[in-house]
Amino acid sequence: MSSLEIRNLHVAIGEKPIVKGLSLTINPGEVHAIMGPNGTGKSTLAKAIAGHPDYTITQGDVLLGGKSILEQEPDERARAGIFLAFQYPSEIPGVSIANFLRAAVQARMGEGEELDATAYYKRLYQKMDLLKIDRKFTSRSVNEGFSGGEKKRCEILQMAMLEPRFALMDETDSGLDIDALRIVAEGVNTLRGPGLGVMLITHYQRLLEHIVPDFVHVMYDGRIVKSGDKSLALELESRGYDWVKQELAVA
Amino acid sequence: MSTSLSPTPATNPIGDFTADRFNAHLAGIPHSVPAWWIERKRNAYAEFASLPMPARTDETWRFSSREHLSLSGFSSSTAETKAVSPATGIEIEDATARLTFVDGKLSGRTPLSRELASSGVVAGTILEGLTTHSELLRKHFMAQPQKLGSEKFAALHTAFIPDGAFIYVPRNVELKSPIVITHVSTGAGSAVFPHTLVVAEENSRVTVVDVFVTLDESNATRAPESKATLNAFACGANDLYAAHGASINYAAAQLWSDTTLSFQLNSTLVRRDARVQSLNLHLGGSQARHESLSQLQAPGAFSEMLAISLASGNQEFDQRTLQVHQAPNTKSDLLYKNALLDKARTIFSGLIIVDSDAQKTDAYQSNRNLMLSDNADACSLPGLEIQANDVRCTHGSTTSRIDPSQLFYLESRGISPAVARELLVFGFFEEVLNRLENESLHAVLIRLIEHHFRRAWQPPTK
């Protein structure tokens with residue numbers, strides 16, 4: 001069973017605990033939305049799973065296909081099938097999208113194996129067309145001078161090229177207008193399938209109208225406090241996060 | 001019995017370059033050369049011998065290491081001219097012409113097409129040019145002022161230069177592909193004086209590539225932490241002259257051995273509406289000093305001065321530049337980028353001078369250093385001297401490290417830390433390299449940097 005299993009995870013930034021005992025299992029083919037107010041640890045969760053050096057896992061485990069990934073470096077986790085779609089993707093001046101993706105694809109090949117450049121470009125152009133990204137972008141530096149929408153589309157392009165087993169999508173909808181949101185959502189939907197599990201972190205229900213989740217979890221104060229199906233997102237939209245907080249206070 | 005009370009100079013100001021050696025050099029010059037050539041050499045030798053070695057107090061040598069500036073240990077190369085395999089130097093497809101010099105002597109050439117030769121283009125040697133274009137050489141060979149501190153070495157160059165490359169492009173002639181000149185040093189014990197002189201007449205267009213390389217097996221292995229003993233000396237110069245409306249693209253790849261003490265003195269003279277782009281790639285040498293002077297002499301003149309250094313081990317790259325705006329509406333744009341590893345040092349000292357009547361000058365100067373080691377050292381001394389009141393001059397320098405968030409971004413895509421760092425270093429250099437118009441040259445320079453980088457770079461162990 002090749003699932004992504006988060007077991008009682010505790011994550012700290014420096015001395016400060018942010019994620020406080022979170023458990024969640026994502027199976028291939030499932031889309032899990034994680035919603036919650038600002039500062040509850042949603043982004044921290046995603047970055048910690050991807051291996052960001054600023055985050056310390058103090059307790060718990062993350063398993064991919066039954067094996068812990070916590071001892072792995074970020075690049076090893078990525079090659080094992082984890083993909084983090086960044087909320088704020090870095091700009092990399094002087095490194096073209098084509099060269100960047102080429103290095104990433106090459107990194108997944110065996111020692112001494114040569115990348116077939118023709119096939120690579122064919123596939124790259126095909127994915128770009130799918131995401132309505134101008135082919136001229138391949139020679140542009142990664143994310144440099146991109147609009148918010150272009151950056152997010154570039155993240156989805158990378159995801160399409162690298163074909164991860166699990167995608168952690170951190171506020172993919174932030175900073176997007178409705179047209180850009182639709183394009184990005186369409187991109188994600190075309191990548192949906194039995195081979196891909198998705199953790200979709202979002203603030204607003206709006207994205208979930210376009211990418212319909214199988215499960216919705218509400219995160220608050222570093223934990224999942226409520227889980228349900230897509231109707232939970234609608235309920236949150238109408239009642240707000242205070243409703244969850246009040247429920248918690250009562251409990 | 002000593003009658004002199006003056007202290008013994010720390011460094012012998014003549015070293016191996018004695019009057020006897022100079023006379024032997026003169027004796028070997030073909031009789032066909034014009035009298036002015038010999039006279040200029042004699043004057044240069046006298047100047048060389050009379051000038052002191054750089055002193056600690058010289059402003060133009062601020063921050064430079066002086067302890068290895070020795071002129072001893074480089075006996076005259078008496079080796080027979082060796083045949084040099086085409087693998088030496090760099091491969092550029094469809095070069096218009098090629099010249100290879102070994103220890104200053106022509107050892108191979110691929111001539112111009114008959115068509116270009118008959119249109120008056122010259123891609124030959126200075127010795128040939130002294131016969132065919134004596135006045136032109138007299139006017140342009142080392143004729144510009146040396147203002148950046150190496151007057152002594154410029155004089156040494158003129159005194160001892162045996163030969164060099166002479167490129168002449170007549171009016172309205174445009175050369176599509178580059179002329180490639182390879183200057184080979186045979187390494188241990190040798191002293192070389194490479195020279196490339198380019199005269200581009202009105203509305204002509206030419207690309208010239210200089211490659212400086214040591215033919216030395218020991219070059220292939222290196223111990224980055226050990227202080228190499230100097231055993232080779234290179235004292236080169238180039239003169240670029242762009243007449244009205246002309247365009248020169250010049251690139252140089254300095255690949256001397258790690259035991260070479262190198263000086264390279266560049267002079268660029270730009271006339272009305274002409275443009276010169278020069279890119280100097282510094283990879284080799286133990287201590288390599290590069291001085292570059294651009295003079296913008298008439299309205300519309302533009303000089304683009306670019307450099308990339310990859311400094312590793314104990315290498316020191318010492319770069320001194322001067323952009324002189326002597327006429328209104330002139331433009332200069334300098335971008336020097338250094339990446340430093342190990343205990344390497346770089347020094348950048350740049351000055352922009354705007355003469356009082358050079359209104360509407362547009363001058364830019366930028367030095368950027370990327371520190372890849374905590375033990376490396378980058379000094380930057382940008383400067384301005386403006387006498388006109390209606391100008392736009394900007395200068396600046398930055399020193400930075402690899403950005404951890406960029407590194408994590410690349411790693412999160414499965415790219416190993418070593419490859420990720422390499423991508424970021426090349427990304428840093430790309431801002432310079434992408435100014436090149438010639439794609440083949442762009443690719444060649446990237447390969448050279450890659451080769452050097454992979455040899456020098458040992459990723460930190462986590």
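Each chain gets a letter, A, B and so on, in the order the sequences are listed, and its residues count up from 1. For the numbers below, each heavy atom of this structure counts, side chains included, while hydrogens, waters and symmetry mates do not.
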Show the nearest heavy-atom pair for residues [X] and [Y], with the distance to one decimal.
| X | Y | result |
| --- | --- | --- |
| A:Ala78 | B:Gly414 | CB-N, 3.2 Å |
| B:Val419 | A:Ala103 | CG1-CB, 4.5 Å |
| A:Ile92 | B:Tyr409 | CD1-CD2, 4.0 Å |
| A:Val95 | B:Leu423 | CG2-O, 3.3 Å |

(request) Side chain from CB out, backbone as N, CA, C, O: work out which of these in B:Gln406 comes under 4.5 Å of a heavy atom of chain A, or both, or neither. (result)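 When you check distances to chain A, atoms from both the backbone and side chain of B:Gln406 fall under 4.5 Å.
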
Sort [X] into side chain, backbone, both or neither according to what part of it lies under 4.5 angstrom from a heavy atom of chain B.
| X | answer |
| --- | --- |
| A:Pro164 | neither |
| A:Glu91 | backbone |
| A:Asn143 | side chain |
| A:Val142 | side chain |
| A:Arg77 | neither |

(request) Answer yes or no: is there a side-chain heavy-atom contact under 4.5 Å between A:Asn99 and B:Phe426? (result)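 Answer no - side chains too far apart.
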
So does [X] have more than 12 non-hydrogen atoms from other groups sitting under 6.0 Å from [atom1]?
| X | atom1 | answer |
| --- | --- | --- |
| A:Arg123 | CZ | yes |
| A:Phe146 | CZ | yes |
| A:Glu71 | CD | no |

(request) Calculate, to the nearest 0.5 Å, the distance between atoms CG and OG belonging to B:Leu424 and A:Ser90 respectively. (result)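 It is 9.5 Å, given to the nearest 0.5 Å.
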
(request) Please round to the nearest 0.5 Å and tell me the distance separating atom NZ of A:Lys47 and atom OG of B:Ser412. (result)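 Nearest 0.5 Å value for the NZ-OG distance: 11.0 Å.
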
(request) Measure up the A:Phe86 and B:Phe408 rings against each other and bin them: parallel (under 30°), tilted (30 to 60°), perpendicular (over 60°). (result)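 The arrangement is perpendicular - the two ring planes meet at more than 60°.
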
(request) Using modelled atom types only, decide if a donor and an acceptor are shared between the side chain of B:Arg413 and the backbone of A:Leu84 within a distance under 3.5 Å. (result)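 Pair found, side chain donor or acceptor close to backbone of A:Leu84.
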
